[in-house]
Amino acid sequence: MCDNTYNLVQSRYGHIAKQSSDAQQHDKEEEIARAFGYSTEDLSSLPGKTNLGLSCGNPVGFANVKEGETVLDLGSGSGIDVLLAARKVGPHGQAIGVDMTKSMVELAEKNIQEAGISNAKVIQANINSIPLPDFSVDCIISNCVINLVPATDKAAVFKEIARLLKPGGRVAISDILARRPLPDHITNNMALYVGCVAGASQVGQYEAYLKQVGFEGMYTRYKERLGTNLLLDAFIVDTKSDLNLYKGSSYLPQGSCCGGSSGDDKAASDVAGLDFNEWVGSFQIYATKA
């Protein structure tokens, strides 16, 4: 099951990467990016095949990235967040992407080259086993990816995060989390799994993953409860964004968020008829390593 899930995810995202070579940035993909926190300035600074409309947030926007830091992006895709982070860390810093799909790595490398960025690179690897030294990263970001990791491997991703972060380092994640327990007809639907819904963790489980690897003092809050001057060492925030926006993406014609369907007609129909917002949400997760 685990291997099959990885194969399905790689197949779908590899297809999207290859599609991008024949298409310009579409209006729908820009609408999606704006809805999840990317500014006009962000998008205009990127090569035309970088924004694929696959994000569920903008982790660089709340990661507090500083000049000279090393930033690692888990599941970097076409490189949108790697490029934005590379500009923030400046010439003395570095932005590193890691992705398991060869076509996405190749696309990201092309985008980095086209952008003229010299302090960014992408590694092909699974995000639960990354070939980088211990305590080598200041900030780890991820954008709508950890939900795609099979449940049996999710804890290993957080162990990698803890291993790679320096003391005082930060994790800033945009991810799809479940607002309530998901029924079998959702969790067993591979179209919904590859589409970022069926693999979503419960909020409490996400907190547990973080606490198990040493991120203490987790706070779960909804956006409207967070005062503008309130500073927390860690938080999980439901952004209340409309996930049904993904259904109109030209890269995802089967009507599924973050990756499309597996191609089965019934599964695609189930995806199209589901109100994503009823079951899952786009969350911001931020924590500092002790």
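Here the closest heavy-atom approach between residue D242 and residue F36 is recorded as O-CZ, 4.0 Å. The heavy-atom pair separating P133 from L164 by the smallest distance is O-CD2, 3.4 Å. I127 and G75 get closest at one heavy-atom pair: CG2-N, 3.6 Å. Contact record, F135 with L165: CD2-O, 3.4 Å, taken as the closest heavy-atom pair. In terms of heavy-atom proximity, A95 sits nearest to V82 at CB-O, 3.5 Å. Counting all heavy atoms, side chain and backbone alike, A35 lies closest to L245 at CB-CD1, 3.4 Å.
Partners of F62 by ring pair (Phe, Tyr, Trp, His ring centres under 6.0 Å), not counting sequence neighbours: none found.
Between R179 and E278 there is no salt bridge, since no side-chain nitrogen of the basic residue lies less than 4.0 Å from a carboxylate oxygen of the acidic one. Using a 4.0 Å cut-off between charged side-chain N and carboxylate O, E31 and R34 make no salt bridge.
Residues L243 and I176 meet the side-chain proximity criterion, which asks for heavy atoms closer than 4.5 Å. Counting heavy atoms from C-beta outward, F283 and V203 have side chains that approach closer than 4.5 Å. Within the 4.5 Å cutoff, the side chain of Y206 has heavy atoms near those of the I285 side chain. Using a 4.5 Å cut-off on side-chain heavy atoms (C-beta onward), I186 and L274 make contact. The shortest side-chain heavy-atom distance between L107 and L52 falls under the 4.5 Å cut-off.
Without hydrogens or angle criteria, K289 side chain to G168 main chain gives no donor-acceptor distance under 3.5 Å. Panel note: side chain D99, backbone G77; a donor-acceptor pair is recorded below 3.5 Å. Within the 3.5 Å criterion, the main-chain N or O of C56 finds a donor-acceptor partner in the side chain of S282. Judged by distance alone, the side chain of T101 and the main-chain N or O of G14 form no donor-acceptor pair under 3.5 Å. Judged purely by atom type and a 3.5 angstrom limit, S11 has no side-chain atom pairing as donor or acceptor with the backbone of N7.
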Legend entry - side chain to side chain contact (heavy atoms under 4.5 Å, CB included) evaluation trace for D175 with N147: CA-CA 7 Å; D175 207 3; N147 67 81; 2.6 Å; yes
Inset, instruction - Apply side chain to side chain contact (heavy atoms under 4.5 Å, CB included) to E106 and K102, showing your working. - result: CA-CA 6 Å; E106 292 172 347; K102 182 179 179 181; 3.1 Å; yes
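A donor-acceptor pair shorter than 3.5 Å cannot be found between the side chains of S129 and N126. Counted by atom type alone, N64 and Y286 present zero donor-acceptor pairs between their side chains at under 3.5 Å.
Between Y209 and F158, the ring-plane angle classifies as parallel under the 30° and 60° cut-offs.
Separation of atoms CD (E160) and CD1 (I140) is listed at 8.5 Å; rounding is to 0.5 Å.
Within a 6.0 Å radius of NZ in K88, no more than 12 heavy atoms belonging to other residues, nucleotides or ligands are found. Other residues, nucleotides and ligands place no more than 12 heavy atoms under 6.0 Å from the CD atom of Q113.
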For residues 116-124, tabulate all N or O donor-acceptor pairs below 3.5 Å that involve a side-chain atom, not counting sequence neighbours.
residue	atom	partner	partner atom	Å
N119	ND2	A86	O	2.9
N119	ND2	G90	O	2.8
Q124	NE2	M100	O	3.4

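For residues 66-85, the set of pairs meeting the side chain to side chain donor-acceptor pair (under 3.5 Å) definition, not counting sequence neighbours, comprises Y38-D81, E69-R170, D81-N143.
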